[in-house]
Amino acid sequence: MNSSNYQKVIQSLPALPKALTGISGFDEITNGGLPKGRPTLVCGGPGCGKTLFSLEFIVRGALEFNEPGVFVAFEEKADELAANMASLGYDLIQMQNDQLLKIDHVHIDRSEIEETGEYDLEGLFIRLGYAIDSIGAKRVVLDTIENLFSGLPNHAILRSELRRLFTWLKEKGVTAIITGEQGTGTLTRDGLEEYVSDCVILLQHRVVDQISTRLLRIVKYRGSVHGTNEYPYLIDEDGISVLPVTSLTLDHPVSEERVSSGIPALDKMLDGQGFYKGSSILVSGTAGTGKTSMAASFVHAACQRGERVLYFAFEESPQQICRNMRSIGIDLQAHMEKGLLRFQASRPTLNGLEMHLVTIHKLINEFKPQAVVLDPITNLVTIGSLREVRSMLIRLIDFLQSEQITVLFTALSLHTIINEQTDEGVSSLVDAWLLVRDIESNGERNRGLYVMKSRGMKHSNQVREFVITNTGMDLIDVYLGSEGVLTGSAREAQQLQKATEVALRGHALTHKDREIERKRLVLESKIASLKEEFESVQDELNRTFVEEDLRKEIIEQNRDQLIRNRHNDE
Amino acid sequence: MSQSAPEDANGPDGSELYRFRLYVTGASTYSVRAIANIKHICETHLPGRYTLTIIDVHQQKQFAESVQIIALPLLIKEAPWPERRFIGDLSDTDKVLKGLGIIG
């Protein structure tokens, strides 16, 4: 959360001033931190991070918000605390020298103390007041004040003194955290929640099926709106980070931009352009159907565009993935070296689902990738129920979509029945779902790829054969004929048969052609002779005509001659 | 507010010398009672073999941390060894005497 968000939050709630803790994520779920000038109870079981939470509140308060703090430790000594915080990169000793922090270790041991009458805890008040005044502290932590209950036998006195202490803290105007050990059936073993009524935060460490998850819940926060959910939180080298459950409204920005799947033929099936940027893609399939290869080719394409990709591997180590992908012509190592690709490989059982989610969030915020791969999500089921995995993925998808990060999940489907359309129940959440199915026939297995869904685009409804070669992946049209869908060698056999048919038909054709030619020649010769015949007949006829004309002419001439001769005689 | 007897020495009969420090808060009821009670116990059971220092924590706040003060009044028996701490107004005389090892 950046400071402008802080400002907004504070302005919207002028009624109750709050003190920012600086703990990542916590200020978001409380809309600005803890109630300023009031005590807050932080309770939880052993090892849930109460001390760390309160110490971080003090340290960050001093360093980031210029509010010096007093840490009263009833359990650990100052040097122990300093050593603990040194691992998070804070130098408590230096801070004490700089008057930003005062650690007061309260040692109380029942065996050393004899109760001999009535008393009060004025000593603690004086001590605390002295510490606060010496550095002008604005923040106070009492960790864990319950130790007084084991140290002092007279609980009646203790209770009335504690009530006085919390009133006194309020009068002092310090923002205080009181930690308390969780009891059975109660928030704290000794009922501290009775005295601290403004804000109660419960930290839990829940172990389900040997997997632990840390959860934070705001039990109450008087005078302020707050999230009521259990928020998972993580303790690591950066301290505590709380994961806000992402908003339940669906108002993510959407992109028209498209990204390639890395397989041109697949892009063609997806309206010719590939996936939408910022969408979620599920690749599911049975074992060995090339899900990881498909993911790798997606990664490869993204890295080639110069985008950063974060790859969460839950099954294989990065080295293994790199080696395996090299065999199909994809060099992921090069992208890693260029800093475009980062692997985060861990067994799902490393921690609980929520922890994974927090880790994923953290890494994404750190690395700022444009694409994320989770391979495979199925393994997460080993650490949570289907419902939990689903809820985790919903939140993850929400988060990624709001950040406009394209995400590709792979899932191992155990069922080969196509009706089983709810892989991990996430198929309804994702924008695109590719299913790689084994098609078994003629004693071999082949892969058939289906685009089950792809929101917002005209995608192909065709089954394609998915082939993996040593130069990459490709999709081939399956053979659809009278004998049904054919793949693999059956398809090849069918193709050969088709070629044979063509050759045979060609042969048959030439044979017929020759026959026709012959017939033509015969007919042509016949036509020629008929023509000759015709010409001779015509000649004959012509000759008759000419003779006739000639005879006629000669007769005429003769007659004329005769006539002339007769006239001469006269 | 120190009371009689030589420092770091045994009493007239060679028995051990008791050294007490009593931390109180001003003139509160408990403080006044505690002072009266310890004086009475010392005078009755340890005449001449004790030293008693009374400290007002309100006046010397730095003691609160260094001496690990929580509950007040607080009586610390510094000598003889081992050190013992008593909280309260010291009205339970039996408990104080047992704790001091004066009666068994």
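Lettering follows sequence order; numbering is per chain, from 1.
Environment of CG in A:N97: crowded, with over 12 heavy atoms of neighbouring residues, nucleotides or ligands closer than 6.0 Å. Enclosure of atom CD1 in A:I93 is not indicated, since only 12 or fewer non-hydrogen atoms of other residues, nucleotides or ligands lie within 6.0 angstrom.
Heavy-atom minimum distance, A:G123 versus B:A64: O-CB, 4.3 Å.
In this structure, chain B has a heavy atom under 4.5 Å from the side chain of A:L152, while its backbone stays farther away.
Listed options B:I69, B:V67, B:L74, B:V57 were ranked by heavy-atom pairs under 4.5 angstrom with chain A; first place goes to B:I69. Of the residues considered (A:L128, A:L158, A:I126), A:I126 shows the highest number of contacts with chain B, using heavy-atom pairs under 4.5 Å.
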Listing needed: what donor-acceptor pairs below 3.5 Å join chain A with chain B?
{"from": "A:K102", "atom 1": "NZ", "to": "B:E65", "atom 2": "OE1", "distance (Å)": "2.9"}
{"from": "A:H105", "atom 1": "O", "to": "B:Q68", "atom 2": "NE2", "distance (Å)": "2.6"}
{"from": "A:H107", "atom 1": "N", "to": "B:Q68", "atom 2": "OE1", "distance (Å)": "2.7"}
{"from": "A:E112", "atom 1": "O", "to": "B:R85", "atom 2": "N", "distance (Å)": "3.4"}
{"from": "A:E114", "atom 1": "N", "to": "B:R85", "atom 2": "O", "distance (Å)": "2.8"}
{"from": "A:E114", "atom 1": "O", "to": "B:I87", "atom 2": "N", "distance (Å)": "2.7"}
{"from": "A:E114", "atom 1": "OE1", "to": "B:R84", "atom 2": "NH2", "distance (Å)": "2.9"}
{"from": "A:E115", "atom 1": "O", "to": "B:K95", "atom 2": "NZ", "distance (Å)": "3.1"}
{"from": "A:T116", "atom 1": "N", "to": "B:I87", "atom 2": "O", "distance (Å)": "2.8"}
{"from": "A:T116", "atom 1": "O", "to": "B:L90", "atom 2": "N", "distance (Å)": "3.3"}
{"from": "A:T116", "atom 1": "O", "to": "B:S91", "atom 2": "N", "distance (Å)": "3.0"}
{"from": "A:T116", "atom 1": "O", "to": "B:D92", "atom 2": "N", "distance (Å)": "3.1"}
{"from": "A:T116", "atom 1": "OG1", "to": "B:I87", "atom 2": "O", "distance (Å)": "2.9"}
{"from": "A:T116", "atom 1": "OG1", "to": "B:L90", "atom 2": "N", "distance (Å)": "3.3"}
{"from": "A:E118", "atom 1": "N", "to": "B:D89", "atom 2": "OD1", "distance (Å)": "3.3"}
{"from": "A:E118", "atom 1": "O", "to": "B:D89", "atom 2": "N", "distance (Å)": "2.9"}
{"from": "A:D120", "atom 1": "N", "to": "B:L72", "atom 2": "O", "distance (Å)": "3.0"}
{"from": "A:D120", "atom 1": "O", "to": "B:L72", "atom 2": "N", "distance (Å)": "2.8"}
{"from": "A:G123", "atom 1": "N", "to": "B:I70", "atom 2": "O", "distance (Å)": "3.1"}
{"from": "A:L124", "atom 1": "N", "to": "B:I70", "atom 2": "O", "distance (Å)": "3.1"}
{"from": "A:R127", "atom 1": "NH1", "to": "B:Q68", "atom 2": "OE1", "distance (Å)": "3.3"}
{"from": "A:R127", "atom 1": "NH1", "to": "B:I69", "atom 2": "O", "distance (Å)": "3.0"}
{"from": "A:R127", "atom 1": "NH2", "to": "B:Q68", "atom 2": "OE1", "distance (Å)": "2.9"}

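Using a 4.5 Å cut-off between non-hydrogen atoms, no part of residues 170-186 of chain A approaches chain B.
Atom CG of A:L124 sits about 4.5 Å away from atom CD1 of B:I70, to the nearest 0.5 Å.
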